[in-house]
Amino acid sequence: MPSMASRYSQRPSGPDDDKRRSFKDGRRALLEQRRSLPIASVAEKLVEHVKKSDTLVVIGETGSGKTTQLPQFLHSAGFCKGGMMIGITQPRRVAAITVATRVAEEMGTEVGKEVGYSIRFEDVTSPVTQLKYMTDGMLLREALLDPLLSKYSVIVIDEAHERTIHTDVLFGLLKGVQERRKCAGFSHIHDNKLNSIGQNTAAEKQVAVVSNGHSLFRKSTGPLKLVVMSATLDTKGFCDYFNGATAVYVQGRQFPVQIFYTYTAEADYLEAALLTTFQIHMEESLGDILVFLTGQEEIESMERLLRERATHLPETALKLLVVPIYAALPSEHQMRVFQPAPVGARKVILATNIAEASLTIPGIQYVIDPGLVKARAYNPHTGVESLAIVPVSKAQAQQRSGRAGREAPGKCFRLYTEDSFAKLDDTTVPEIKRCNLANVVLQLKALGIDDVLGFDFMDKPCRTTIVKSLEHLYTLGALNDEGKLSDPLGFRMSRFPLEPLYAKAMLVSSEFGCSKEMLAAIAMLSVESLFYTPRDKIKEANNAKKRFASQDGDHITFINVLRIYSLEVDEGQRGGDVDSSTLDRRASKKTEKVIRNWCTANYINGRSLRRAIDIRKQIQGHMESMGLPIISCGEDMLVFRRCLAASFFLNAARRQLDGTYRALSSRQTVSIHPSSVLHGKKPECVVFNELVRTNRSYIRSITQIDSLWLPELAPQYYAALDLANPTQRSLQS
DNA sequence: GAGCACTGC
């Protein structure tokens, strides 16, 4: 092996190194700890800025204390007077929970009292809550019910640099709310008034009606203050977008991380990562290694290679413990990264992007970064989403190297040259420019924003993407001829926390009399990696799946999983219906074990199943609140399949003479994915829920239908042409 | 007969 010095040039200084050397703070009183945070010295300045301007941009690095402290400063400064709240958004659920818990402790209260959090399936707030931490998506849902966000005096958007799709929509939305709340004194809640500002949404009307129950007038909630907190230095972008807002910098507290680059480009980054791992292992002092890879498959092969080559290590060398982590891995296996390496061993963690920001693994001293990431891309012309391996951005590379400096000074080995680093994009392309926007457009319409193309996006998505989404929503009937949200269809669809197509399917199913079955199918379609197939047990896993399989297809197979789970695990305690929260409450350790064993024996990912059960319960709640009945079609699966055809007619495919399939709306040639129960069964006509592009185009989540159902159930889309002839064009354009 | 980064409602 070449020596470390020959493989890497060391960069003497840079943005990752100039972070202040932290001190060991030991166990001090909470208050003292708070006072010692870098942000404490600028507390007054921050409060003054929020008081005098509409929007403040706070740039703070890791460890500045901005997330926990700033809301408390604002609270002390009186921003919660008169029953108003401060809302703080986070991109992830865990962050909302952990930060709220920490702040509650600092304020000497319990979570759910003055400090609370609100995330999907879990609202831990009460009427006395003043600081509310929540996911960004949750605030968007709240805006549907209260478009002026009248309960909030301040909204803090944290981790704004991550630019989640929800954060980006909130940006434009909150700017609008600020404008509308500027009217001082009393505001007249009336349809005319609402019309005049173009925000006459059904939800707002409801609010008005409720308010009108007492008075025609409602006290104005005063101006809405906005604080945008970000870690990157894209200050200008944020400040320009928020009408020249001031930016305040807050120093972070991180240990320095030395950055190394290769002298030449690496032809094979896996091999380079492998070599570097062993070099660190042989030459560097104790401390765990974190390697960023692009996906499960890559992690699995790297794992094999490392184990194999580790056997050639000298007898006297430290042992090397290899631990993989990625989102689809069942939680039992994920937990292994948090266990400290045994004495006499060094841990190597092979991770996807999950270790970049979503979870923090203790003990990391070395980071190996090949500089690549698997990212979603969207082609608005074909409507196909795909995943591709692309170079990371500079900001991402910095975030990755930072993972080595959480507890002590660390080192980061970038498997590319310093020149290549210089050529990387500064920041990652925001998600809103990389995916299908059907749901975003539906939500905007429901918020009363009719001119979606003219919406004030910080980064405008491609025009074609928006137009495609509008067309899609029109086809589904969510929009009327004027492009406005239809009533009740579009309005109801916007209430479901689902993709528009799935929301429509729920509504269609209540007419077909199979909403109970559709509820189960949609819940299962909403979770990923339900079946767990470890590489060394593919046969066993496939056999286990057979007991759930339906010859009609994957949708009924999904329903069978839930059915059999209820029968065998829940034992019909609640009449065959279960939800995981009631399970949690009453589950003794023993029941938990029964559930876990059942999942393991059936090669099912317990986390995914639990989530599907939660989603089912939530969607059922929405159905009931709309007065839509939950009806079962019993054993008559023909009804259910016809309902699938009526709902997913846009995703129909027919077998061609050569055995491949032709997607009827996009005219693409596709194949049935081998993970489908219909693979190899050669059905003549199917509906599908996913089109994934890898080496070929595959359709997944498929159910067999009769091709004659299409012109019958979707006459507006399919003409009653000669569907029996596969070569004939069967779609009207 | 194959492979799906990560979030979120």
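Each chain gets a letter, A, B and so on, in the order the sequences are listed, and its residues count up from 1.
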Q: Describe the nucleic acid contact of A:Q296 in one word from base, sugar-phosphate, nothing, applying a heavy-atom distance below 4.0 Å.
A: sugar-phosphate
Q. Base, sugar-phosphate alone, or nothing: which one does A:T352 contact when heavy atoms must sit under 4.0 Å apart?
A. sugar-phosphate
Q) In residues 669-678 of chain A, which residues come under 4.0 Å of DNA chain B by heavy atom? A) A:H673, A:P674
Q | A:Y117-A:E122 side chain donor-acceptor pair, cut-off 3.5 Å | A | yes
**Q.** Nearest-nucleotide 5' precedence on DNA chain B, A:Y698 against A:P497
**A.** A:Y698
Q. Which is true for A:I119 with a 4.0 Å heavy-atom rule: it touches a base, it touches only sugar-phosphate, or it touches nothing?
A. sugar-phosphate
**Q.** Distance-only side-chain donor-acceptor flag, A:D158 / A:Q90, under 3.5 Å
**A.** yes
Q) Between A:H166 and A:T164, do the side chains contain an N or O donor and an N or O acceptor separated by less than 3.5 Å? A) no
Q. So what does A:F496 hit on the nucleic acid, given a heavy-atom distance under 4.0 Å: a base, only sugar-phosphate, or nothing?
A. nothing
If you look only at distance, which donor and acceptor atoms sit under 3.5 Å apart when one is on a side chain in residues 368-377 of chain A and the other is two or more places apart or in another chain?
from	atom 1	to	atom 2	distance (Å)
A:D369	OD1	A:G371	N	2.8
A:D369	OD1	A:R400	NH1	2.7

Q. Just checking, is any N or O donor in the side chain of A:S625 or A:R495 under 3.5 Å from an acceptor N or O on the other one?
A. no
**Q.** Donor-acceptor under 3.5 Å (A:N436 side chain, A:Y378 main chain)
**A.** no
Q. Which part of the nucleic acid, if any, lies within contact of A:R92, taking any heavy atom under 4.0 Å across all strands shown: a base, the sugar-phosphate backbone alone, or nothing?
A. sugar-phosphate
Q. When we call it a touch if two heavy atoms are under 4.0 Å apart, what does A:R376 touch: a base, just sugar-phosphate, or nothing?
A. base
Q: For A:L498 and for A:E297, find the nucleotide of DNA chain B with the closest heavy atom, then tell me which residue's nucleotide is more 5'.
A: A:E297
Q) Which pair of non-hydrogen atoms, one from A:V670 and one from A:A663, has the smallest distance, and what is that distance? A) CG2-N, 4.4 Å
**Q.** Outermost DNA chain B nucleotides near chain A [under 4.0 Å, heavy atoms]
**A.** B:dG1 to B:dC9
Q: May I ask you to decide if the ring planes of A:F548 and A:F531 are parallel, tilted or perpendicular, using 30° and 60° as cut-offs?
A: tilted
(Q) Just to be sure I understand the rule, does A:I538 reach a base, reach only the sugar-phosphate, or reach nothing, if contact means heavy atoms closer than 4.0 Å? (A) base
Q) With a non-hydrogen cut-off below 4.0 angstrom, is A:L387 in contact with a base, only sugar-phosphate, or nothing? A) base
Q. Between A:Y152 and A:K132, does a side-chain contact (heavy atoms from CB on, under 4.5 Å) hold up when you go through it step by step?
A. CA-CA 10 Å; A:Y152 298 93; A:K132 180 163 162 186; 3.3 Å; yes
(Q) Heavy atoms only, 4.0 Å cut-off, all strands: where does A:A327 land among base, sugar-phosphate and nothing? (A) sugar-phosphate
